[in-house]
Visitor: 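Dropping the structure in here first, questions after.
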Amino acid sequence: MIGSVNDSLVSIIVPIYNAEKYLDSCIQSVLRQTYTNWELILIDDGSTDKSGRIAEEYGFADERITVFHQKNLGVSLARNQGIDEATGNYVVFLDADDELIEDCLAKTVNIAEETNADVVAGRSCENQELFQDRIIWTGAEALENSLKDHLFTYSACAKLIRRDFIGKTRFTPDIRINEDSYFVFQLLCKQNVFVLTNDVIYFYRANSESSSRTVFSEKYFDILKVSDLKYKKIEEQFPQMHDLAKNMLLKARMNVLRILAVRTRDEYRDVEKKLLEYILDNKEDYIPSSKECNQWMFILSHHLFYVYKFAHYIVK
């Protein structure tokens, strides 16, 4: 045990970039916490709106709130500075347009102290997956379940993480998307005690980037980079998970093809052909999962990708 629940300081890290619309609600959700032994670390990542001023006003009003300003370096480096500045027993990552449910810290700290957990993961409001009241994974179980697409193992948010367990692990700056997934993956490779609770602890506010109408950016190719990095590490450290790792590589390519199908026309045709060739050559690596994923695999494996893409373009 680290100590009594009331003695455990929680460092809440919020990277901020042009978040003036929701930043006040985000910070207020921390101030409303029933558990009060926390420090709030606000990292202004070169905002050009009023976010920096809002953060400073809160920092002036509450000594538990500290504000740092940096030029626009991206969310990964902002979070990394937050980790470096943190002094708590635990760390919580909170995005500037999201909120913590008011008993988030009380519930997760209590669970961590009861179970000696390295990571406590809870539900967010948009995630309705239900299970028994509490699940405890030890050793490589969390990593294995992550490779089986368990939703609770992807995001760095909606989690309480023991700070000394994070150690020297940091977010990778040159990963522009799925940076959360790779950070959490690195933690899971440490074979930790990972506890899932059925409690809703986090409010996730969907943003416009999740829309299928969003313009395509080449940052989505980082999905492939992340899957390749994960695969290399699994092959080196967890060869018993080889089949799951191969399935992960395949699904990453399926995911990128789905994004290309709904957000581009012909500008990435060569990339599409290479990804389709990989999937057709390695379709035996696919492990059936969700109905939606299985349907997408059917479309790809039956040479219907361009039919699907054309139909989507016509409907849109």
Visitor: Just by distance, with hydrogens left out, do Glu218 and Tyr268 show a side-chain donor and acceptor under 3.5 Å apart?
Guide: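 Distance-only check passes for Glu218 and Tyr268.
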Visitor: For Glu267, does the CD atom have more than 12 heavy-atom neighbours from other residues, nucleotides or ligands under 6.0 Å away?
Guide: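 Correct, the count exceeds 12.
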Visitor: For residues Ser29 and Glu102, is any side-chain donor paired with an opposing acceptor at under 3.5 Å?
Guide: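 Ser29 vs Glu102: no donor-acceptor pair found between side chains.
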Visitor: Any heavy-atom pair between the side chains of Trp38 and Val30 that's under 4.5 Å?
Guide: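 SC-SC contact between Val30 and Trp38 confirmed.
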Visitor: Would you say the side chain of Tyr313 lies within less than 4.5 Å of the side chain of Lys309, judging by non-hydrogen atoms?
Guide: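 No - every pair of side-chain heavy atoms lies 4.5 Å or more apart.
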Visitor: Answer yes or no for Lys190 and Phe165: cation-pi contact, defined as NZ/CZ to six-membered ring centre under 6.0 Å and angle to ring axis within 45°.
Guide: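 Yes, Lys190 lies over the aromatic ring of Phe165.
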Visitor: Would you call Asp228 and Leu249 a side-chain contact if the rule is heavy atoms closer than 4.5 Å?
Guide: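 Result yes, sub-4.5 Å side-chain heavy-atom pair found.
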Visitor: Any salt bridge linking Asp199 with Lys107? Criterion: basic side-chain nitrogen under 4.0 Å from a carboxylate oxygen.
Guide: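 Looking at Lys107 together with Asp199, the answer is yes, because their closest N to O distance falls below 4.0 Å.
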Visitor: Which value, rounded to the nearest 0.5 Å, describes the distance between Ser47 atom OG and Asp44 atom CG?
Guide: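 Atom-to-atom, Ser47:OG and Asp44:CG are 4.0 Å apart.
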Visitor: Honestly curious: do Trp296 and Ile223 fall in one hydrophobic cluster under the side-chain, below-4.5 Å linking rule?
Guide: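 Yes, it is one cluster - the side chains of Trp296 and Ile223 are joined through contacts under 4.5 Å.
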Visitor: Identify the two heavy atoms, one from Gly88 and one from Arg163, that lie closest to each other, and give their separation to 0.1 Å.
Guide: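 Answer, listing the atom of Gly88 first, then Arg163: O-NE, 2.5 Å.
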Visitor: May I ask you to test the Ile83-Ile166 pair for a side-chain heavy-atom distance under 4.5 Å?
Guide: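 Sidechains of Ile166 and Ile83: in contact.
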Visitor: Arg53 and Glu20: salt bridge (Lys or Arg N to Asp or Glu O under 4.0 Å), yes or no, with the steps?
Guide: CA-CA 9 Å; Arg53 187 191 313 169; Glu20 64 177 9; over 6 Å; no
Visitor: What I want to find out is whether Asp285 reaches Arg253 closely enough, with some N-O distance under 4.0 Å, to be called a salt bridge.
Guide: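 No, Asp285 and Arg253 are not salt-bridged.
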Visitor: In terms of hydrophobic clusters joined by side-chain contacts under 4.5 Å, are Ile177 and Leu77 together?
Guide: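 Ile177 does not cluster with Leu77.
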Visitor: Run the salt bridge (Lys or Arg N to Asp or Glu O under 4.0 Å) check on Arg79 and Asp95 step by step: do they pass?
Guide: CA-CA 10 Å; Arg79 283 172 168 167; Asp95 286 345; 2.9 Å; yes
Visitor: Hey, is Asp222 close enough to Arg176 for a salt bridge, meaning N to O under 4.0 Å?
Guide: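 Yes, this pair counts.
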Visitor: Does Lys50 pair with Glu56 as a salt bridge, N-O distance under 4.0 Å?
Guide: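 No, no charged N to carboxylate O under 4.0 Å.
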Visitor: With a sphere of 6.0 Å drawn around NZ of Lys233, does it hold more than 12 non-hydrogen atoms of other residues, nucleotides or ligands?
Guide: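 12 or below, so no.
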Visitor: Could you tell me which non-hydrogen atom of Cys157 sits nearest to which non-hydrogen atom of Asp180, and how far apart they are?
Guide: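 Smallest interatomic distance, heavy atoms only, reads N-OD2, 4.1 Å.
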Visitor: Under a plain distance cut-off of 3.5 Å, with no hydrogens placed, do Glu272 and Tyr306 share a side-chain donor-acceptor pair?
Guide: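 Yes, because at least one side-chain N or O of Tyr306 sits under 3.5 Å from a partner of the opposite role on Glu272.
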Visitor: May I ask you to check whether Asn145 and Glu141 show a side-chain donor-acceptor distance below 3.5 Å?
Guide: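 No, because no side-chain N or O of Asn145 sits under 3.5 Å from a partner of the opposite role on Glu141.
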Visitor: How long is the span from the CG atom in Leu188 to the NZ atom in Lys230, to the nearest 0.5 Å?
Guide: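 So the gap between those two atoms works out to 8.5 Å.
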Visitor: Step by step, work out the salt bridge (Lys or Arg N to Asp or Glu O under 4.0 Å) result for Asp266 and Arg269.
Guide: CA-CA 5 Å; Asp266 300 324; Arg269 185 60 61 93; 2.7 Å; yes
Visitor: Flag the pair Lys21 and Asp49 as a salt bridge only when some basic side-chain nitrogen lies within less than 4.0 angstrom of an acidic carboxylate oxygen.
Guide: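 Result for this pair is no, no salt bridge flagged.
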Visitor: Measure the OG1-CG distance between Thr66 and Leu42 for me, rounded to the nearest 0.5 Å.
Guide: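 One finds 8.0 Å between OG1 of Thr66 and CG of Leu42.
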Visitor: Between Asn18 and Thr48, does any side-chain donor sit less than 3.5 Å from a side-chain acceptor?
Guide: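 Yes, because at least one side-chain N or O of Asn18 sits under 3.5 Å from a partner of the opposite role on Thr48.
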Visitor: Measure from the ring center of Phe185 to the ring center of Tyr154 and say whether it is less than 6.0 Å.
Guide: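 Ring centroids of Phe185 and Tyr154 are no less than 6.0 Å from each other.
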Visitor: Can you tell me how far the SG atom of Cys293 sits from the CZ atom of Phe298, to the nearest 0.5 Å?
Guide: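 Here the rounded value is 14.5 Å.
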Visitor: Does Glu292, at its CD atom, have more than 12 non-hydrogen atoms belonging to other residues, nucleotides or ligands within less than 6.0 Å?
Guide: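 No, because the 6.0 Å sphere around CD of Glu292 holds 12 heavy atoms or fewer from other groups.
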Visitor: Is it the case that the side chain of His150 and the backbone of Phe152 share a donor-acceptor pair, with hydrogens and angles ignored and the cut-off at 3.5 Å?
Guide: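 Present.
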Visitor: With a 4.5 Å heavy-atom cut-off, do Val195 and Val119 have their side chains touching?
Guide: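 Sidechains of Val119 and Val195: no contact.
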Visitor: Taking the side chain as every heavy atom from C-beta outward, state whether His69 and Val67 have any pair of such atoms under 4.5 Å apart.
Guide: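 His69 vs Val67: side chains touch.
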Visitor: If you look at every heavy atom in Asn294 and Tyr286, which pair is closest and at what distance?
Guide: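 It is OD1-OH, 2.5 Å.
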Visitor: Shortest non-hydrogen contact from Leu300 to Leu276?
Guide: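 For Leu300 and Leu276, the tightest heavy-atom pair comes out as CD2-CD2, 3.8 Å.
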Visitor: Judged by modelled atom types alone, do Asn72 and Tyr17 share a side-chain donor-acceptor pair under 3.5 Å?
Guide: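 There is no such pair (donor and acceptor under 3.5 Å, judged by atom type) between the side chains of Asn72 and Tyr17.
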Visitor: What closest approach, in Å, do Trp137 and Ile135 show between heavy atoms, and which atom pair accounts for it?
Guide: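 Minimum heavy-atom contact is NE1-CG2, 3.5 Å.
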Visitor: Side chains of Glu236 and Tyr231: any donor to acceptor distance under 3.5 Å?
Guide: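 No - no donor-acceptor pair under 3.5 Å links their side chains.
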Visitor: Using every non-hydrogen atom in the two residues, find where Lys251 and Ile287 come nearest and quote the distance to one decimal.
Guide: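 The pair with the smallest heavy-atom distance is NZ-O, 3.5 Å.
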Visitor: Mind checking side-chain hydrogen bond (donor to acceptor under 3.5 Å, both in side chains) for Gln28 and listing every partner two or more places apart, or none if nothing turns up?
Guide: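 Listed in chain order: Tyr58.
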Visitor: Hydrogens and angles aside, do Glu39 and Ser11 bring a side-chain donor and acceptor to less than 3.5 Å of each other?
Guide: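 The answer is yes; a qualifying pair exists.
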Visitor: Indicate if Leu280 and Leu224 have the same hydrophobic cluster label, given that clusters are the connected sets of ILVMFWY residues with side-chain heavy-atom separations under 4.5 angstrom.
Guide: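 No.
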Visitor: Please round to the nearest 0.5 Å and tell me the distance separating atom SG of Cys189 and atom CD1 of Ile234.
Guide: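 So the gap between those two atoms works out to 6.5 Å.
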Visitor: Answer whether the closest heavy-atom distance between the side chains of Leu143 and Gln237 falls below 4.5 Å.
Guide: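 SC-SC contact between Leu143 and Gln237 ruled out.
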Visitor: Quick one: does any side-chain atom of Ser146 pair with a main-chain N or O of Ala142 as donor and acceptor, under 3.5 Å?
Guide: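 No.
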Visitor: Identify whether Phe203 and Tyr22 are in the same connected component of the hydrophobic contact network (ILVMFWY, side-chain heavy atoms under 4.5 Å).
Guide: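 In one cluster with Phe203: Tyr22, no.
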Visitor: According to the interplanar angle, ranging from 0 to 90°, do the rings of His312 and Tyr308 count as parallel (below 30°), tilted (30 to 60°) or perpendicular (above 60°)?
Guide: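 Plane angle under 30°, so parallel.
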Visitor: Tell me whether Glu99 contacts the main-chain N or O of Tyr202 through its side chain, where contact means a donor paired with an acceptor under 3.5 Å.
Guide: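 Not a single qualifying donor-acceptor pair exists.
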Visitor: Should Tyr278 and Leu229 be counted in the same cluster of Ile, Leu, Val, Met, Phe, Trp and Tyr side chains packed under 4.5 Å apart?
Guide: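 Yes, Tyr278 connects to Leu229 through the hydrophobic network.
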Visitor: Quick one, Phe93 with Phe183, criterion ring-ring contact (aromatic ring centres under 6.0 Å, His included). Give me CA distance, side-chain angles, the key distance, then yes/no.
Guide: CA-CA 12 Å; Phe93 295 103; Phe183 175 79; 5.7 Å; yes
Visitor: Stepwise, does the ring-ring contact (aromatic ring centres under 6.0 Å, His included) test hold for Phe171 with Tyr182?
Guide: CA-CA 8 Å; Phe171 290 86; Tyr182 189 59; 10.0 Å; no
Visitor: Do other residues, nucleotides or ligands put more than 12 heavy atoms under 6.0 Å from Arg265 CZ?
Guide: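 At most 12 heavy atoms, drawn from other residues, nucleotides or ligands, come within 6.0 Å of this atom.
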Visitor: Is the shortest side-chain heavy-atom distance between Ile201 and Arg123 below 4.5 Å?
Guide: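 No - every pair of side-chain heavy atoms lies 4.5 Å or more apart.
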Visitor: Give a yes-or-no answer on whether the side chains of Thr153 and Lys148 include a donor-acceptor pair shorter than 3.5 Å.
Guide: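 Per modelled atom types, Thr153 and Lys148 side chains form no pair under 3.5 Å.
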Visitor: To the nearest 0.5 Å, tell me how far Asn89 CG sits from Asp7 CG.
Guide: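 Interatomic distance, Asn89 CG to Asp7 CG, rounded to 0.5 Å: 8.5 Å.
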